[in-house]
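A short write-up of the structure that comes next.
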Amino acid sequence: MDLQTIQSFNHDLLDWFHQEGRKLPWRETSNPYYIWISEVMLQQTQVNTVIPYYERFIKQFPTPSALASASEQEVLKCWEGLGYYSRARHLQEGVREVVEKYDSTLPERKKDLLSITGIGPYTAAALLSIAFNEPEPAIDGNLMRVLSRVFLIDDDISKQKTRKKFEALASNLIIETVPSAFNQALMDLGAMICRPKTTECTECPIQNYCLAYKEGVQLEYPVKTGKAKLRTLNYAVLLITDEHGRYLIEQRPEQGLLAGMWQFPMVALDEYAEQSQREQFIQSRVGKIDFRQQSFTYTHRFSHLIWQLSLFKGQIQEDRRLKEREKWMSLNDMQHYPFPVSHQKVIEWVKKNRQEHT
DNA sequence: AAGACGGGGCA
DNA sequence: TGCCCAGTCTT
């Protein structure tokens, strides 16, 4: 595009954005801390999912120091159900760095932003453009989808090198416009018009510039390879009660999947094909219980794996001691601890099942 | 350069 | 069901 085309492209894009752009809670504020929170929540997560979490989060942690001084469990509880929980842990860690190193004020230099835990190239650019109105293009899925169509770019967007290419391209476009509006306009366009599977090209403000539309090949872009093969993991979920009707629960390790969250004890079953071996292994984990009664099975789907959960009820032997990271807990108290959605379903099932039998 | 990391929405 | 979503960190 020549300079004049770039300017009219931006004019048409921003004109549409000001007419049709979405009104969103984090667009009502100029507080960089709030914008930061929104950007982290929006990673790999759709707008409508984020809105209630955002409102609750800034209410509970209205300032960087409030978040910095909270416990990790409080933060996880507020994030419960949103997924990618390392985002919450990294956000709190990053906020603590800002409180200590930058006097609770988000720095405005790109290099400083990138040094903060949880802030990568996208979030740094989003903050620079939206909060500080610096001409930094925020390279995300929306931008790459829209621009791959406009310019017929067939590089694989799952490759790291491709991000650089879009960055160079968008850097030229954003110089001739209002940085904060440019990035947000492309996000709205990607969400409302230039969607992955279905497009609304007849309503698109930049249709005239779009080479893919001109050739009728919108849906062939962007090019993206690489598919993860879903593994299925089988687990026994143990519903073990004590004499007070409380359940045995355990806290997951501090690293890895669902780190630091709580669950009913889970025992991996895949290594044990034989029922008798399974029983023996479960006993080695929690002690001697009567678990002949299988009550319920449930399949939980993550993006990269599948959990096949089978519930077992049992009474535990009286003299068994609690192990590290284990706790007895009533169903009501569970609402104060962060549980992954898979185990929230288990809690719901247990409550429902209990009511039917009393 | 890949893989890990959640959960919900949608055709 | 499979793919996508305002990505980042780890290996």
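First the proteins, then the strands, lettered A, B, ... as listed; each starts at 1.
At the heavy-atom level, A/Leu258 lies under 4.0 Å from the strands shown only through sugar-phosphate atoms. Within 4.0 Å (heavy atoms only), A/Gly190 reaches no atom of the nucleic acid at all. A/Arg27 comes within 4.0 angstrom of a base, heavy atoms only. Across all strands shown, A/Leu24 has heavy atoms under 4.0 Å from base atoms, whether or not it also approaches the sugar-phosphate. Nucleic acid contact class of A/Arg22 (heavy atoms, under 4.0 Å, all strands): base. Within 4.0 Å of A/Val47, counting heavy atoms only, lies at least one base atom of the nucleic acid. Within 4.0 Å (heavy atoms only), A/Trp307 reaches no atom of the nucleic acid at all.
Checking the phosphate oxygens (OP1, OP2) of B/dC5, a side-chain nitrogen or oxygen of A/His304 falls inside 4.0 Å. In terms of phosphate contacts, A/Gln46 brings no side-chain nitrogen or oxygen within less than 4.0 Å of OP1 or OP2 of B/dG8. The phosphate of B/dA1 (OP1 or OP2) has no side-chain N or O of A/Lys161 nearer than 4.0 angstrom.
For A/Phe302 and A/His300, the ring centers sit closer than 6.0 Å to each other. With ring centers used as reference points, A/Trp26 lies 6.0 Å or more from A/Tyr34. Taking the six-membered ring for Trp and the full ring otherwise, the centers of A/Trp328 and A/Tyr247 sit at least 6.0 Å from each other. Residues A/Trp307 and A/Tyr235 bring their aromatic ring centres within 6.0 Å. Between A/Phe339 and A/Trp262, the gap from one ring centroid to the other reaches at least 6.0 Å. A distance below 6.0 Å separates the ring centres of A/Trp79 and A/Phe57.
The nearest whole Å value for the distance from the OH atom in A/Tyr122 to the P atom in C/dC5 is 12 Å. Nucleotide B/dG8 holds its P atom 16 Å from the CD1 atom of A/Ile51, rounded to whole Å. Atom-to-atom, CH2 of A/Trp79 to P of B/dG7 comes out at 13 Å; the value is rounded to the nearest Å. Rounded to an integer number of Å, the gap from OH of A/Tyr53 to P of B/dG6 is 13 Å. Regarding A/Leu230, its CG atom lies at a distance of 14 Å from the P atom of C/dC4, rounded to whole Å. One can place CD of A/Glu39 at 11 Å from C1' of C/dG7, the figure rounded to the nearest angstrom. Whole-Å rounding puts the A/Gln160 CD to C/dG7 C1' distance at 12 Å. Rounding to whole angstrom units, CZ of residue A/Phe17 and C1' of C/dA6 are separated by 12 Å.
Annotation: of the two residues near DNA chain C, A/Lys224 and A/Ala124, the 5′-most nearest-nucleotide partner is A/Lys224. Heavy-atom nearest nucleotides on DNA chain B were determined for A/Arg231 and for A/Lys197, and the one closer to the 5' end corresponds to A/Arg231. Positionally, the nearest nucleotide of DNA chain B for A/Lys159 lies more toward the 5' end than for the other of A/Arg87 and A/Lys159.
Of the P atoms belonging to B/dC5 and C/dA6, the separation is 23 Å, rounded to the nearest Å. Separating the P atom of B/dG8 from that of C/dT8 is a span of 23 Å, rounded to the nearest Å.
Judged by distance alone with a 3.5 Å cut-off, a donor-acceptor contact links the side chain of A/Thr45 to the base of B/dG6. Side-chain atoms of A/Thr123 and base atoms of C/dG7 include no donor and acceptor less than 3.5 Å apart. For B/dG6, the base has a donor-acceptor partner in the side chain of A/Tyr84 [N/O atoms by modelled type, under 3.5 angstrom].
Using a 4.5 Å cut-off on side-chain heavy atoms (C-beta onward), A/Val178 and A/Asn133 make contact.
Picking from C/dC5, B/dG7, C/dT8 the nucleotide with the shortest atom distance to the side chain of A/Gln43 gives C/dT8. Among the nucleotides B/dA11, C/dA6, B/dG7, the one closest to any side-chain atom of A/Ser303 is B/dG7. When the nucleotides C/dC3, B/dG7, C/dA6 are ranked by their closest atom to the side chain of A/His300, B/dG7 comes out on top.
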Review item, nucleotides 9-11 of chain C N/O atoms under 3.5 Å of protein N/O:
residue: C/dC9; atom: OP1; partner: A/Gly118; partner atom: N; Å: 2.5

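Seen from the ring of A/Phe166, A/Arg163 does not count as a face-on cation partner, given the 6.0 Å and 45° thresholds.
A salt bridge between A/Glu326 and A/Arg321 is absent, with no side-chain N of the basic residue lying under 4.0 Å from a carboxylate O of the acidic one.
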